[in-house]
Amino acid sequence: MKKTSPKSVYIVSLGCPKNFVDTEIIAASLIKNGFGITPSPDDAEIYLINTCAFIPAARKETTDNIKDAVKWKKKSKNTRKIVISGCISEWDKSGDFRKDFPEVDLWKTPSQAEQTGIALAALFGMASAPSDASDKDYIYDHCTARLQLTLPHYAYIKIADGCDNCCTYCSIPSIRGRMRSRKSESVLKEAQSLIKSGVKELIIIAQDITSFGLDRKNDKDSLAKLLRKMDELEGDFSIRLLYTHPAHFTQELVDCFRDLKHLLPYADMPLQHISDKILHAMNRKITKAEICKLIEALRKARPEIALRTTFITGFPGETEENYKELLNFVKEYKFARLGVFEYSPEPGTPAAQMPDQVPAETARKRSISIMKAQEKFQQSSTPHSSAKNWN
């Protein structure tokens, strides 16, 4: 019997680092099932895209990449395959999006990442097809095979998936499901393994890492407790926090920035707005006064801390007064890094049905104005304390 050569897969990973971890799990499942990975689509038999569907711009990027894959497939005669994984498969609950791309051979959801290799093997008649069910409670652990695709000195650790915050503009809960966090022991074992492999920076991620453990109401897990245990691990490494929600900061977590030797003075903390009226409409569960108090507490605990944040302009009901309040806040609090999104209605979310929708052009002008204020600050002075060294 003639031995066939391994089939190679070209992988495109779209979206956030959380999705990138799924891509690493997919890559490992491919290798486990006898597939190779190539950096060039010209050398591949399979074109795999791990997609993002968070906002219209992300879905356009996904669509453009699938069109590229279709063009690639048509260059051969029935020998190439296209696999689409990730959030678009979960977002497309009606199946209408899939109908536009009959050339796609396999669609997989985020919870099916570990099954991708065996599903692809089945596509080529090399294995039995796995269950096509999508498990909304799925989350990987330290035993899950994962191929690190970042540069060797840093790696992501996804400590939770899904979200229970239900911000009125966001579709993540309907795509990624409810919040579910990993056990601390599993996270610590993964961290220790990465440190031993030579990783110098552990980047802690989730839709909201500050909600870690809150889904287990009788559990004593929390992000602060996890970080203190991680800080005790042996090795030369640092810890960076991404995607923290200001409403879920505790004093114990603030104290971690003062106490822990491995925790970098850096926090990614999307605030989204500062007007109490808009924060309430967004269902952010926090007020302007509480946000200001938190920022001051973090800067007191770690004077050199670099805070990165994002804001949304043009949210339904945002008046000129609300916008100017946000602009003045940005000028006063001087964030190390800052980004602005222009609000776009997301189908199926409460905000899309709200009255007083702001014209897109107004949202755009407001976002430009805020970014100009931020750029002026960054050009004229050093970000808060020595923050520039940590972002």
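In what follows, residues are counted from 1 in the order of the sequence shown. Values below: all heavy atoms of this structure, side chains included; hydrogens, waters and symmetry mates excluded.
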For the side chain of [X] and the backbone of [Y], is there at least one donor-acceptor N/O pair under 3.5 Å apart?
X	Y	answer
D92	I88	no
Y47	V12	no
D141	T144	yes
S222	K225	yes

So with a 6.0 Å cut-off around [atom1] of [X], is the heavy-atom count from everything else above 12?
X	atom1	value
H248	NE2	yes
Q353	CD	no
F341	CZ	no

Hydrogens and angles aside, do S13 and T23 bring a side-chain donor and acceptor to less than 3.5 Å of each other?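 On atom types as modelled, these side chains qualify, holding a pair under 3.5 Å.
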
E332 and N328 side chains, donor-acceptor separation under 3.5 Å: no

I'd like to know if [X] and [Y] make a salt bridge, using a cut-off of under 4.0 Å between side-chain N and carboxylate O.
X	Y	answer
R178	D137	yes
D105	R80	no
E318	K277	no
E342	R366	no
E201	R240	yes
R59	E61	no
R228	D231	no
R299	E304	no

Look at the side-chain heavy atoms of Ile, Leu, Val, Met, Phe, Trp and Tyr, link any pair under 4.5 Å apart, and say whether I195 and I204 land in one connected group.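 Yes.
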
In a check of side chain to side chain donor-acceptor pair (under 3.5 Å) between D221 and each of R182, K183, K229, R216, which one passes? R216

